Amino acid sequence: MAYGPETGGPFDEVFAPGAHPHPHTVSLARELADLGPQALAEAGHRRDAIFVQQGITFDASGEAGPVRDRPFPLDLVPRILPAPEWDHIERGLAQRITALNRFIDDVYHEREIVRAGLVPWQLIVSRSHFARAVHGIRPPGGVYCHVAGCDLVKDSDGSWKVLEDNVRTPSGISYVLENRVAMTRLVPQFFRDYRVRPVDQYPQILAAALRAAAPSAEDEATIVVWTPGSMNSAYFEHSFIARQMGVELVEASDLVVRDDVVYMRTTAGLRRVHAIYRRLDDDFIDPLEFRPDSLLGVPGLIRAYRAGTVAIANAVGTGVADDKAIYHYVPEMIKFYLGEEPILDNVQTYLMADPKQLEYALGRMDELVFKPTNESGGKGVCIGPRTSSEALASLAAVIRSKPEDWIAQELVNLSTVPTAGPDGVLAPRHVDLRPFAVFGETIKIVPGGLTRVAMVEGSMIVNSSQGGGSKDTWVLEQHEDAPVGGEVTSTRIVSPIMPDMRYGSEWHGQQQQQQQQAPTSTGVTQTQSQSQTTAVPPGADPAADPATAHPTDGGLA
Amino acid sequence: MLSRIAQELFWLGRNVARAEHTARLLDGVFQASLQSAADTSRSGNAAVRLDWESIVAIMGAESDSGYGSADVLRRMTLDRNEPASLISCVDRAREGARTVRDVVSAEMWEAINTTQLTLLESDSNGRFGMGPYSVFQYVRERSALFWGLTSRTMLRDEANAFLTAGGRIESADMVLRMLRVAMPAPEPTEGETVADASLQDGQAQALLHAVGGFQAFRRAVPSPAHAGPVARFLLYERNYPDSVAASVDALHRALGNADDSPRRSEPVLRLSRLGADLDFRGRGAQASVNLAETCELVQSELTLIDKDIAERYFAGAMPAAGLVMA
């Protein structure tokens, strides 16, 4: 294989420099070599066919306008995370999300972190996702970000860093689950020597968290998933989550608020809704409190929320912790609220609102990455080293005019994973990782997450809306000495005694023998005449039949 | 109609249904086996178990120890010497359909024949090597096609009734086999909290996937896909077409239609009683009811019904030429 990451380049997660696989990727490298580029490319064609058939698609903005219903780009080479590495990530994320949650609570209540002088109040209130409307509202359990998806990257020294916090409506979990299913179907041989932790428990975890957040109900709490509608680019995910949890997928027109209680319109009249997993931004959810022009919203929802009759996940106002300028302060938050050192570091970030940092960053424009604070999906990101000096000059003017809307970050040399091109040939491509955490009674994180791949050589833009791909992410079981997936375990099982499997004519055993002995016309007559005698069945042996043995006791009981 | 033909139709239905269930089962177990079971370390004896050894037990195949997953998978899918294999079911179904070509519609015959021919083609081995999913998927689709064509193109006569009866008794039997092998023998103790146990048995989900009822379960049952609720759903939920109760019900109707005097027919009477009994048990179905025992009783009752059917309707019919003997 001509695959060889260069020394001193980005960290490759499968091959160390010199094309030697890491210890935990030896088996994968062997399977890849056995398969060869051609078979890999063919599997890729089958993948596209399956994804299109199953409607696992997304809409992208292509050069010639929007492209609809493209098969979700899954690269068939998995990304493997050994157990200790995942443990580190898991602990780090749990810590970070706990701190973010505390921060949101603080912002809408005591503002201790502001009074301690750590985060300027001016910065907080100027964030576009700061929601005055929910001041003083504390949801059940004090949980705000029920669903979080932080974007992580692995630096060239092999350390993990947090690139972004998504605590509004992070998307991508459906692809994590579908990618795994597709991998088991398309390239089962890759799994051979690995014990991969499953991911399909996510819908159950989410449903449990939503039930935990719901105000107490007499019966089972009614949960709904709220989608902006079938035209939304993430509609596939919305319907996927609703289907997997077995709950209704609602649109705004299905919901109605009466006397501060939320109901949905059903064929059997109004039905109370206890918890809403909403997949649209604060701005749109209630025209009475937020944007009055929103047609997607439910008037009165915030009043119901304030009255505590309905849980909204994520809580209203969490966007304030999602902001790229606030991101800068997360390590401080962890120290302030939890008294701990951050397990996962930030990428070094400069706030353009600060004149000193602004000047410093503008002086190094060709080395840094510039990001607008309130955008997502990779929109508006400018990578200094890849941008012409004219473009940088005009960007500098834009930033100077509204510095509080921008941050600058050091460029992280994202790690790479071998990725198959259209011809099945492997080449290193940059990846990031978005693990999905659910904050119910505790924080649970689905092993792995969505690995996004920049499909263009050297590119670091991984967003699928910008042509990025994805990979199935495998977190390995802790104990590799345990039996490998699929092998018969050593513990013998006592199987229940089954009636024999029948394949057709065993019942005729006796007659069949006779027929074989005398396959003549007389033989046939003989069998038939014998059947006359058995046509009135004597019935089964009553002793062997619990039902007939006690015909009056109600059948099988 | 001729007893022989009735019996052929009955077994045609059984073989088609068995092929489909075998494909679903193998697919479900194969997928589950590639990943480690969800949180195996914490699962007690309440965990649902569905692995390669289970398949051997479910299908009643000769259990030679030392089979690895690949061996079991290949043997149960494409091995013609294994009577329980997927391809053996398809072969038998095709032979059966050929015998009753004049009774079933031409389209139904074609559907079965094409299925068998496609699996015969030399590349099915290669396709299997690349990923058995495509083979399972194909058999599932073709089975759906067959039953779809049956309901669209076949006269709803006695022949149809025996075909349906065969399909439904096989469905019930296969689901019971899966349940009995996969479910933990003693039910989880009552004190155990459902919420905790729910996340442990990823294999209960595999079981649902294997039957094909995952989404139906999600929509019908609010509780998590935990061993107890899954088993009750697959046993008692009449609204789910592949539950044991629904199959028994359909079998009852089919035989009731086919029989001239159903009130005096042993199998029909047994089925009435079994259906009612399942309803009773379903209503009172709490964790305290021993599901494993219920499954065993229902299955043995179905065996008796099968015998009664053979005696009442098929008695005296010669075994069809070319039928694979066990």
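Please read all numbers here as calculations on a predicted model, not as lab measurements. Here is how names work: the chains are called A, B, and so on, in the same order as the sequence lines, proteins then strands, and each is numbered from 1.
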(message) For the CD atom on A/Gln38, are there more than 12 heavy atoms of other groups (residues, nucleotides or ligands in this structure) within a distance under 6.0 Å?
(response)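 12 or below, so no.
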(message) Please determine whether the number of non-hydrogen atoms from other residues, nucleotides or ligands lying under 6.0 Å from atom CD of A/Gln54 exceeds 12.
(response)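 Counting neighbours around CD of A/Gln54, more than 12 heavy atoms of other residues, nucleotides or ligands fall under 6.0 Å, so yes.
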(request) Would you give the length of the straight line joining atom CG of A/Asp200 to atom NE2 of B/His209, rounded to the nearest 0.5 angstrom? (result)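 Output value for this atom pair is 6.0 Å.
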(message) What's the separation between atom CG in B/Asp27 and atom CZ in A/Arg185, rounded to the nearest 0.5 Å?
(response)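 Reported to 0.5 Å precision, the distance equals 5.5 Å.
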(message) With heavy-atom distances below 4.5 Å as the criterion, would you say the side chains of A/Met183 and B/Gln31 are in contact?
(response)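 When only atoms from C-beta onward are counted, B/Gln31 and A/Met183 do not touch, as no gap falls below 4.5 Å.
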(request) Side chain from CB out, backbone as N, CA, C, O: work out which of these in A/Met245 comes under 4.5 Å of a heavy atom of chain B, or both, or neither. (result)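 Backbone of A/Met245 only, per the 4.5 Å heavy-atom cut-off to chain B.
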(message) Which atoms of A/Gln244 are under 4.5 Å from chain B, going by heavy atoms: the side chain, the backbone, both sets, or neither?
(response)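 Both parts, backbone and side chain.
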(request) Please flag which part of B/Phe214 lies under 4.5 Å from any non-hydrogen atom of chain A: side chain, backbone, both or neither. (result)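 Interface part for B/Phe214: side chain.
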(request) Would you mind checking which part of B/Phe10 comes under 4.5 Å of any heavy atom in chain A, side chain (CB onward), backbone (N, CA, C, O), both or neither? (result)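 Contact with chain A is absent: no heavy atom of B/Phe10 under 4.5 Å.
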(message) Which one wins on heavy-atom pair count under 4.5 Å against chain A: B/Arg219, B/Gln215, B/Glu293?
(response)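 Counting heavy-atom pairs under 4.5 Å, the top option is B/Gln215.
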(request) Select all residues of residues 42-50 of chain A having any heavy atom within less than 4.5 Å of some heavy atom of chain B, and report them by number, or 'none'. (result)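 Residues in range: A/Arg46, A/Ile50.
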(message) Which one wins on heavy-atom pair count under 4.5 Å against chain B: A/Glu248, A/Arg211, A/Gln189, A/Arg180?
(response)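 Ranked by heavy-atom pairs under 4.5 Å with chain B, first place is A/Arg180.
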